[in-house]
Amino acid sequence: MNNNAILNRSLAAVWHPCTQMKAHETLPLVPIQRGEGVWLVDFEGKRYLDAVSSWWVNLFGHANPRINAALKDQLDRLEHVMLAGFTHEPVVQLSERLSKLTGLGHAFYGSDGASATEIALKMSFHFWRNSSQPQKTHFISLQNSYHGETLGALSVTDVALFKDTYAPLLRQSVQVPSPDWRLAEPGESPEAYALRCAEALEQHLQQHHATTAALIVEPLVQGAAGMGMYHPAYLKRARELCDQYGVHLIADEIAVGFGRTGTMFACEQAGIKPDFICLSKGITGGYLPLSVVLTTDTVYAAFYDDQVTRGFLHSHSYTGNALACRAALATLDIFEQDEMIKANRLKAAQFNELLTPVAAHPRVRNFRHLGMIWAFEVETADAAFARNFYQAALALGLLLRPIGNTVYVMPPYVLGEEEMALLAAGLVQILER
Ligand SMILES: Cc1ncc(COP(=O)(O)O)c(C=O)c1O
């Protein structure tokens with residue numbers, strides 16, 4: 001097999017995600033034969049540094065020996081069994097460990113991020129219905145939010161490109177102002193702006209709390225909005241307001257969980273506990289599709305009943321897949337054994353230093369960094385900036401995929417010193433074109 005053969009077969013047989021397929025008449029697919037640490041390698045040996053962790057999922061590199069070993073061991077024991085009426089060791093262990101880490105429990109599994117969003121929304125509504133408040137049917141999300149693209153998740157997403165076409169199929173939801181500090185007034189601090197946005201949330205809740213089931217947020221970083229970052233004061237205030245007005249707080253940590261923002265979970269930085277936390281992406285180290293929603297004892301208790309329909313009758317065939325759970329356990333082991341959160345702090349400081357010329361570049365605006373996420377806007381008149389930047393990066397052996405004119409780096413945590421230098425130099429080189 002060579003690059004061209006697989007490209008043509010892929011274009012004939014595969015409908016690729018998030019893509020106008022006609023664009024591939026001029027933009028070639030990148031065929032990948034194997035992965036190795038932060039590198040993806042094509043059929044002719046060309047290497048690409050995966051600086052976006054393959055859509056933000058990979059934490060410890062491709063073909064990680066420790067996750068591989070765990071999966072090989074699990075393969076010989078049990079690949080999968082349905083989770084209705086049955087259980088198995090990896091799912092029990094994973095649920096216990098996630099409960100310890102999040103302070104929430106009763107882990108309910110799905111297969112991908114969007115299904116976790118669906119689960120949290122349905123559970124919240126059903127909780128209120130079981131609690132004699134069936135009128136609580138509405139959801140609030142932040143402006144520019146992204147929570148996935150199945151119909152329920154898309155209803156609380158606020159990205160026009162993905163949403164507008166399907167508007168006739170979606171439920172109405174309300175968007176409150178986003179605390180993303182890029183939207184602050186000149187001279188207004190990120191904290192002051194976050195608190196001003198919290199006031200807008202309060203005004204909405206004052207009027208509509210009786211019919212509102214939940215507020216769903218991406219804690220600290222709105223990824224698909226172009227890595228919009230905000231001050232934790234917003235989350236703290238949102239938690240207080242949700243408590244005051246009897247509305248659930250759903251933390252969608254699908255993208256930011258598992259160390260991305262510098263703590264295991266982003267909510268920790270605001271010192272809050274949500275009513276529901278949605279996890280996916282990095283949960284398996286980027287190996288297998290798995291998502292989970294954890295919630296409170298109070299929510300769980302409202303479903304626990306003799307009446308079948310008061311239970312949460314939601315299911316996916318691959319709920320709690322044993323292989324995926326085992327990959328997740330191996331991932332948590334690496335966090336512990338390598339003291340990853342601490343190690344990332346040092347790595348981030350090092351990379352920041354190397355990125356000084358990027359931050360100071362005359363075309364760069366809003367350079368920002370949180371944990372293992374870096375982002376900035378690029379001043380440009382190029383309407384095809386994202387595509388052209390992506391192609392220029394590929395030519396340098398870098399996988400970077402801007403969102404509009406926002407360039408971001410969200411690398412696997414195993415990024416080495418030499419690779420950081422390569423990435424920083426590549427960014428400057430592309431900016432100078
Ligand atoms: C915050 C957030 N929520 C939900 C999702 C949806 O996850 P999935 O693509 O696995 O359905 C994403 C995906 O990027 C995300 O960033």
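Heavy-atom basis, side chains included; hydrogens, waters and symmetry copies ignored. As the structure lists them, so they are numbered: ligands from 1, and atoms in each ligand from 1. Starting from 1, each residue takes its place in the sequence as its number.
For atom 11 (O) of ligand 1, the closest non-hydrogen atom of the protein is A114 N, 2.8 Å. Scanning the protein heavy atoms around atom 8 (P) of ligand 1, the nearest turns out to be G113 N, 3.5 Å. The closest protein non-hydrogen atom to atom 15 (C) of ligand 1 is Y146 CD2, 3.7 Å. Taking atom 14 (O) of ligand 1 as the reference point, the nearest protein heavy-atom neighbour is K281 NZ, 2.9 Å.
In this structure, W55 has no heavy atom closer than 4.0 Å to ligand 1.
Salt-bridge formation is not detected for the pair K163/E149: no Lys NZ or Arg NE/NH1/NH2 atom is positioned less than 4.0 Å from an Asp or Glu carboxylate oxygen. Between D275 and R239 there is a salt bridge, with a side-chain nitrogen of the basic residue lying less than 4.0 Å from a carboxylate oxygen of the acidic one. Taking the charged nitrogens against the carboxylate oxygens, E199 and R237 have no contact shorter than 4.0 Å, which rules out a salt bridge.
The side-chain tip of K46 points at the ring of Y48 from less than 6.0 angstrom away and within 45° of straight on.
Tested against E377, the residues R363, R365, R368 include a single salt bridge (charged side-chain N to carboxylate O under 4.0 Å, His left out) partner, R368.
Here is the list of ligand 1 atoms found below 4.0 Å of a heavy atom in D112: 10 (O). Close contacts between ligand 1 and A255 involve ligand atoms 16 (O) [criterion: under 4.0 Å to a heavy atom]. Ligand 1 places these atoms under 4.0 Å from at least one heavy atom of D252: 1 (C), 2 (C), 3 (N), 4 (C).
Taking the six-membered ring where tryptophan is involved, the planes of F108 and H314 are perpendicular, since the angle between them exceeds 60° and thus also 30°.
Contacts between E218 and ligand 1 below 4.0 angstrom, taking non-hydrogen atoms only, involve the side chain exclusively.
Applying the ring-ring contact (aromatic ring centres under 6.0 Å, His included) test to every pair with at least one member in residues 16-41, sequence neighbours left out, gives no pairs at all.
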